[in-house]
Amino acid sequence: MSAPVTDEISAQLPDGSTRTLPRGASALDLAKTIGARLAKAAVAAEVDGQLVDLTRPLADGAAVRIITANTPEGRDVLRHSTAHVMAQAVCSLWPGARYAIGPAINDGFYYDFELPGGVHFHDEDLARIEAEMRRIIAASQPFAREEHGIAEGLELFADQPFKREIIEQVASAAAGAAKVDAELSAETSSDPAVVTIYRNSDAFVDLCRGPHVPSTDRLGHFKLLRVAGAYWRGDEKRPQLQRIYGTAWESDDELKSYLHRMQEAERRDHRRLGAELDLFSFPEEIGSGLAVFHPKGGLIRRLMEDYSRERHAAAGYEFVYTPHVTKADLFEVSGHLDWYADGMFPPMELDGGQRYYVKPMNCPFHILIYKSRQRSYRELPLRLFEFGSVYRYELSGAIHGLTRVRGLTMDDAHIFCAREQMAGELEQLLRFVLDLLSDFGLADFYLELSTRPEGKSVGTDEEWAEATAALDSVGRQMGLELVLDEGGGAFYGPKISVQARDAIGRSWQMSTIQVDFQLPQRFGLSYVGADNGRHQPIMIHRALFGSVERFLAVLVEHYAGAFPTWLAPVQVKVLPVRDDHLAYAEEVAAELKRQGRRVEVDPAAEPLGARVRRGRLEKVPYLLVVGDDDVTSGTIGVNARGAESPERNVALADFAERLAAEVAAHGAPEAVPER
RNA sequence: GCCCGGGUAGCUCAGUGGCAGAGCAGCGCACUCGUAAUGCGCAGGUCGUGGGUUCAAAUCCCACCUCGGGCUCCA
């Protein structure tokens with residue numbers, strides 16, 4: 001009793017309507033019946049919840065969604081297809097090249113290669129590869145999907161060891177041997193017994209789950225960006241491959257806009273602005289990853305630290321100071337030497353063989369303060385805070401400006417509390433964190449919960465579960481997006497971290513909060529409870545800025561160097577129009593300084609235009625121009641940073657009041673000027 | 001740590017085997033100006049460091065330091 005075979009099928013659209021199509025019709029045919037523009041913008045289809053090629057014949061009754069190039073899924077398809085074209089181009093330019101993995105990533109794609117004879121790509125090769133890619137695109141090659149068995153697949157990729165390894169691994173995973181990496185899943189069919197490939201031409205075949213655009217003529221708005229080394233399968237013990245990164249978009253406008261965003265990020269680079277604004281430097285004489293702060297950078301840093309201290313005092317923290325070096329024993333007890341010895345500066349041998357380490361963490365020192373005498377439950381929670389400078393031997397290749405250094409200062413505190421106080425303390429803490437970050441102008445947050453790292457941790461399952469649940473519950477209460485970072489915790493406990501998005505939408509990990517049952521145990525911490533019995537406290541490790549250096553770097557990039565007035569090293573510059581206005585300019589400056597403002601006078605040795613330009617390049621919030629009119633009537637001309645045009649004849653007292661209010665308002669984000 | 005590419009004046013960079021250069025910044029003098037670069041002059045360099053090749057090295061070779069882009073790592 002089978003249904004009668006007809007020549008027609010029906011397809012259901014996302015809006016619930018259905019269309020009738022001839023049997024054998026594809027999603028592309030469907031798109032054409034809807035409109036020529038849709039058919040042109042389409043790059044793939046979602047059929048019954050699965051992404052497939054546009055050209056695949058539809059089953060009767062299928063639910064079909066046409067994926068256009070300007071959607072996240074559509075861009076992934078474009079980028080993945082562009083990666084294939086790049087691999088084809090590389091193989092045609094370097095016969096015998098082996099290609100490994102080439103996925104779509106955020107804003108682009110990459111592909112990893114091994115070139116014959118150990119040859120490496122050079123920057124100049126990118127232009128050649130791009131030219132070859134444009135030739136392939138112009139040839140309108142179809143992406144033809146084929147399915148093969150495992151043995152056939154291995155045969156097809158006889159000269160491609162990386163592809164064979166992927167096929168073999170997926171096949172053995174299917175046999176129950178192992179889990180397939182997420183990384184490989186895009187390369188392989190959803191059915192492990194089937195090897196899916198895409199054939200672009202006789203010369204090029206790639207292993208791939210798809211979907212792909214129907215033909216290379218759908219591509220073209222791309223650019224190759226850089227070459228880099230990358231370990232095969234991300235494993236430093238495996239061969240290092242040559243990776244080419246590129247970006248691809250659905251239109252030239254989108255491509256240009258992306259490249260513009262990249263330029264904008266470069267313009268904000270704290271390493272560049274740090275030198276231009278004379279904030280800090282990395283003298284080679286000192287060593288890699290070790291910064292010095294110049295007066296202006298030092299001033300910003302002091303303002304950040306002073307404000308943080310004020311807030312911490314108000315939040316019930318007590319301030320402590322601890323040394324920079326310690327006997328090895330302390331880090332043996334804490335466990336740091338077991339887990340992180342490679343990341344520590346090597347020990348100094350002193351006093352007949354006694355080993356001393358420069359500290360990479362402050363926690364054991366704060367623990368010793370806790371341990372210095374017997375503690376009562378009445379003292380808890382005990383919150384010990386320190387701007388603690390620590391030194392970590394970061395790998396030379398990991399060092400990056402102020403964001404990854406070998407010497408840094410943490411706004412570090414450890415909260416010792418009773419187990420039953422933990423939840424309340426965490427909640428109060430997270431509110432405190434978000435509030436403090438907001439005062440620095442960061443307002444767009446999400447949270448990340450990092451759980452137990454498998455095989456790299458200590459403690460019982462119960463402790464981990466309890467700590468993780470506490471963090472999870474507090475995170476949920478904040479009403480913020482909470483994402484899971486599986487296995488990202490420290491060896492002694494899970495953590496929740498606050499991620500902040502900056503002015504151009506990049507996210508930075510800022511604060512971290514960690515619950516720790518282990519160190520109190522290792523150090524044998526206790527307090528006397530109301531029941532007169534001994535109890536073990538738990539510890540909460542937390543850093544809000546993370547590292548002061550890194551936080552400053554984030555602020556530089558967030559504000560593009562144009563710090564809000566309360567943090568600006570120079571808040572006001574007074575520019576006399578001529579030398580004979582200098583005395584009045586000095587008076588204006590003196591009055592503002594008396595009110596606590598940071599003011600400089602730039603005398604008339606150069607034309608006014610040149611001094612205004614310099615003030616703007618220095619991103620000073622207010623440039624005050626004073627000339628004849630102002631001297632006679634006690635006014636100033638106010639040139640506010642980012643303002644369209646200057647204000648003339650402003651009464652000094654009015655301006656001073658406005659400035660005082662702005663400084664008091666702290667982190668209210670203001671318009672960031674373009675130059 | 002690994003792969004690739006850099007390191008020349010305070011900064012940005014030119015200079016591919018034969019005299020060490022430019023612009024900006026700095027200093028001096030002149031200019032005295034109402035909102036994004038006034039003019040002239042002067043000074044400034046162990047060409048990252050060490051070794052090698054050569055009649056001759058910024059330039060070619062080796063090692064190291066350091067910076068950048070990635071990978072790995074990030075308590």
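Since we're looking at a predicted model, the values are computed, not measured. In the text below, chain A, chain B and the rest are named by the order of the sequence lines, each starting its count at 1.
In this structure, A:D602 places its CG atom 14 Å from C1' of B:U32, rounding to the nearest Å. The interatomic distance linking A:Y391 (OH) with B:A75 (P) rounds to 20 Å, in whole Å. We find that CG of A:L575 is positioned 8 Å from C1' of B:U35, with the value rounded to whole Å. Per the geometry, CG belonging to A:L126 stands 11 Å off C1' belonging to B:C4, to the nearest Å. Separating the CH2 atom of A:W339 from the C1' atom of B:A75 is a distance of 11 Å, rounded to the nearest angstrom. One interatomic measurement links the two molecules: CD of A:E618 to P of B:A36, which rounds to 16 Å at whole-angstrom precision. Per the geometry, NZ belonging to A:K237 stands 17 Å off P belonging to B:G1, to the nearest Å. Following rounding to the nearest Å, A:E606 (CD) and B:C29 (P) show an atom-to-atom distance of 14 Å.
A heavy-atom distance below 4.0 Å to RNA chain B is reached by these residues of residues 628-640 of chain A, ordered by number: A:D628, A:D629, A:D630, A:G637, A:N639.
Between A:Y559 and A:F563, the ring planes are tilted. Angles from 30° to 60° get that label. Ring geometry for A:F282 versus A:F280: interplanar angle over 60°, hence perpendicular rather than tilted (30 to 60°).
If you check B:U32, B:G34, B:A75 against the side chain of A:Y492, the one that comes closest is B:A75.
Side-chain N/O atoms of A:H122 include none lying less than 4.0 angstrom from OP1 or OP2 on B:C4. Taking 4.0 angstrom as the limit, A:K359 places none of its side-chain polar atoms (N or O) nearer than this to OP1 or OP2 of B:A75.
As rounded to the nearest Å, B:A20 and B:G44 have P atoms that lie 15 Å from one another. The separation of B:C40 from B:C47, taken at their C1' atoms, amounts to 30 Å, rounded to a whole angstrom. Nucleotides B:C33 and B:G15, compared at atom C1', are 40 Å apart to the nearest Å. Spacing of P atoms, B:U59 relative to B:G48, comes out at 8 Å, to the nearest Å. Comparing the same atom, C1', in B:G70 and in B:G28 gives a spacing of 49 Å after rounding to whole Å. A gap of 15 Å separates the P atoms of B:G45 and B:U8, to the nearest Å. B:A75 and B:G52 have their C1' atoms separated by 45 Å, given to the nearest Å. Across the P atoms, B:A57 and B:C19 are found 11 Å apart, a figure rounded to whole Å.
Taking each heavy atom of A:Y357 and A:F345 in turn, the nearest pair found is CD2-O, 3.4 Å. Counting all heavy atoms, side chain and backbone alike, A:R79 lies closest to A:A104 at CB-CB, 3.8 Å. Across all non-hydrogen atoms, the minimal contact from A:L402 to A:A553 is CB-CB, 3.9 Å.
In this entry B:A58 has no Watson-Crick or G-U wobble partner, no candidate having both defining distances under 3.5 Å. The base-pairing partner of B:G5, taking Watson-Crick or G-U wobble contacts with both distances under 3.5 Å, is B:C67. Base-pair partner of B:U53: not found among the strands shown (Watson-Crick or G-U wobble, both distances under 3.5 Å). B:U32: no Watson-Crick or G-U partner with both key distances under 3.5 Å is found in any strand. Pairing partner, B:G21: B:C13, with both Watson-Crick or wobble hydrogen-bond distances short of 3.5 Å. In this structure, B:C42 forms a base pair with B:G26, meeting either the Watson-Crick or the G-U wobble geometry with both donor-acceptor distances under 3.5 Å. Pair assignment for B:C47: none, as no Watson-Crick or G-U wobble contacts are both less than 3.5 Å.
Ring-centre distance between A:F109 and A:F222: not below the 6.0 Å cut-off. Between A:W339 and A:Y492, a ring centre-to-centre spacing not shorter than 6.0 Å is recorded. In this structure, A:H336 has its ring center closer than 6.0 angstrom to the ring center of A:F491. Taking the six-membered ring for Trp, A:Y111 and A:F113 have ring centres closer than 6.0 Å.
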Exercise. Could you run down nucleotides 63-73 of chain B 5' to 3' and tag each one B, S or - for protein heavy-atom contact under 4.0 Å?
Worked result: --SSSSBBBBB
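Cation-pi check for A:K359 over A:F365 is met; the charged atom lies under 6.0 angstrom from the ring centroid and within 45 degrees of its normal. In this structure, A:R98 is not positioned above the aromatic face of A:F162 in the sense of NZ or CZ being under 6.0 Å from the six-membered ring centre and within 45° of the axis. Relative to the ring axis of A:Y622, A:R641 does not place its NZ or CZ within 45° and under 6.0 Å from the centre.
A:F491 comes within contact range of no nucleotide atom at all, as no heavy-atom separation falls under 4.0 Å. A:G627 comes within 4.0 angstrom of a nucleotide base, judged by non-hydrogen atoms across all strands. Across all strands, A:A490 comes closer than 4.0 Å only to sugar-phosphate atoms, never to a base (heavy-atom distances). Using a 4.0 Å heavy-atom criterion, one finds that A:H336 contacts the bases of the nucleic acid, with or without backbone contacts as well. Across all strands, A:A275 comes closer than 4.0 Å to no nucleic acid atom at all (heavy-atom distances). Among the atoms of the strands shown, base atoms are found under 4.0 Å from some heavy atom of A:G343. As judged by a 4.0 angstrom heavy-atom cut-off over every strand, A:R614 is placed among residues making no nucleic acid contact.
Projected onto RNA chain B by closest heavy-atom contact, A:L241 and A:A610 fall at different nucleotides, the more 5' of which corresponds to A:L241.
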